[in-house]
Amino acid sequence: MDAKETNEIKTAKREARAKARRALLALSAAERKSQSQKAAASFLDSSIYKGAECVAAFCSMPDEVDTLPVLEQAARDGKKILLPRVIAGSNAMDFYELAAPVLVLQDLEAQTEANAWGIREPLLSLPRVPKESVPAKTAILVPGLAFAKDGRRLGRGKGFYDRYLSELLAANNAFAREGKICGYCMASQIAANIPTQDNDFFMQALFY
């Protein structure tokens, strides 16, 4: 891909992100709750969830799909739960394992803290899970601003997940064979077309 094509895609991504943010801001609280419930049902009813020993999710921002229903059900089902934390001063992240059941919002808040962007992250006192130690049968729920049904994802532009997932697959052959990388969003975040570059990571499944 030459410089002109790269710049064109970057411009297209900026425009797509602006459009996606406007759409999210236009959602009412009731719409977000309804679409979040549908996303949770879609994932929890899937063979991917039922076959997973571990769920690597994320703490939702106010404009994102609510992951708490998934975290609560995974806790009830006795699955391991991992959450991401940004490595200070970098565009990289690690996952940490929650130590206690997440059966209500207060359980989640007790094991997390807000970062500089207001996103809740697992406490540093929790066990960090190196990439090579991520369980093989892990379902990773990946956030994004928009997704296409063919697995393309539009992130927020920092590359946290693209970087982490590429390194995870290189470091963990068992996960590469048995794990699943899943886009997780609301129905209003499904787009017909998403501009992508060579280093963008495609989802293996999509739940909304």
Side-chain angles (χ1 to χ4, degrees), residues 29 32-90 92-144 156 158 160-161 163-165 167-168 171-172 174-175 178-186 203-205 207-208:
R32 177 176 178 266
K33 181 178 180 179
S34 174
Q35 292 190 32
S36 292
Q37 290 172 338
K38 289 178 181 178
S42 174
F43 176 62
L44 295 172
D45 288 342
S46 71
S47 59
I48 290 177
Y49 173 76
K50 292 173 182 176
E53 297 173 358
C54 175
V55 175
F58 56 93
C59 289
S60 307
M61 291 191 286
D63 64 349
E64 283 182 324
V65 60
D66 185 5
T67 57
L68 186 60
V70 167
L71 298 175
E72 290 176 334
Q73 188 60 52
R76 284 192 288 269
D77 292 338
K79 298 181 188 287
K80 290 183 178 181
I81 299 173
L82 310 184
L83 292 177
R85 183 183 178 100
V86 173
I87 299 171
S90 77
M93 65 185 190
D94 281 323
F95 275 85
Y96 290 72
E97 183 177 349
L98 296 188
V102 181
L103 300 177
V104 293
L105 180 59
Q106 289 84 348
D107 292 337
L108 180 62
E109 290 179 341
Q111 297 189 70
T112 60
E113 60 187 359
N115 65 16
W117 297 283
I119 304 168
R120 299 201 70 84
E121 298 181 317
L123 299 174
L124 279 170
S125 57
L126 292 170
R128 185 180 69 85
V129 182
K131 295 179 182 71
E132 60 271 18
S133 300
V134 172
K137 294 182 179 179
T138 295
I140 299 181
L141 298 184
V142 182
R156 293 179 182 265
K158 296 292 186 180
F160 287 107
Y161 276 90
R163 187 174 299 105
Y164 179 86
L165 294 171
E167 293 175 356
L168 172 64
N172 191 324
F175 174 84
E178 300 185 64
K180 290 294 181 182
I181 298 167
C182 311
Y184 193 67
C185 67
M186 294 176 284
M203 303 294 98
Q204 296 170 324
F207 296 99
Y208 58 92

Side-chain contact test, heavy atoms from C-beta onward, threshold under 4.5 Å: evaluate it for [X] versus [Y] and give yes or no.
X	Y	result
Asn172	Lys131	no
Arg163	Ser90	no
Phe95	Val134	no
Tyr96	Leu124	yes
Lys137	Cys54	no
Val142	Leu165	yes
Tyr184	Met203	no
Lys158	Met93	no

### Task
Could you check Leu83 against Leu126 for side-chain contact (heavy atoms from CB on, under 4.5 Å), going step by step and ending with a plain yes or no?
CA-CA 10 Å; Leu83 292 177; Leu126 292 170; over 6 Å; no
Please find the pair of heavy atoms, one from [X] and one from [Y], that lie closest to each other, and give the distance.
X	Y	result
Leu98	Val102	CD1-CG2, 3.2 Å
Ala39	Cys185	CB-O, 3.4 Å
Leu103	Ala75	CD2-CB, 3.9 Å
Phe43	Ala139	CZ-CB, 4.0 Å
Tyr161	Pro84	OH-CG, 3.6 Å

Where the side chain of [X] meets the backbone of [Y], is there a donor-acceptor pair that is under 3.5 Å apart?
X	Y	result
Lys80	Glu97	no
Gln204	Ile181	yes
Arg32	Pro62	yes
Thr67	Val70	no

Distance in Å, [X] [atom1] paired with [Y] [atom2], rounded so as to fall on 0.5 Å steps:
X	Y	atom1	atom2	answer
Lys50	Leu44	NZ	CG	9.5 Å
Cys59	Asn115	SG	CG	10.0 Å
Arg76	Leu71	CZ	CG	10.5 Å
Ser42	Phe207	OG	CZ	5.5 Å

### Message
Does anything in residues 118-128 form a salt bridge (Lys or Arg N to Asp or Glu O under 4.0 Å)? List the pairs, not counting sequence neighbours.
### Response
Asp94-Arg128
### Within 45° cone of Tyr49 ring axis and under 6.0 Å: Lys79 NZ or CZ
yes
### Message
With side-chain contact (heavy atoms from CB on, under 4.5 Å) as the criterion, how do Leu123 and Glu113 come out once you've worked through the C-alpha distance, each side chain's angles and the decisive distance to 0.1 Å?
### Response
CA-CA 6 Å; Leu123 299 174; Glu113 60 187 359; 3.8 Å; yes
#### Entry: salt bridge (charged side-chain N to carboxylate O under 4.0 Å, His left out) against Asp66, all qualifying residues, sequence neighbours excluded
none
### Task
Take Leu168 and Ile140, measure what side-chain contact (heavy atoms from CB on, under 4.5 Å) needs, and give me the verdict at the end.
CA-CA 11 Å; Leu168 172 64; Ile140 299 181; 3.5 Å; yes
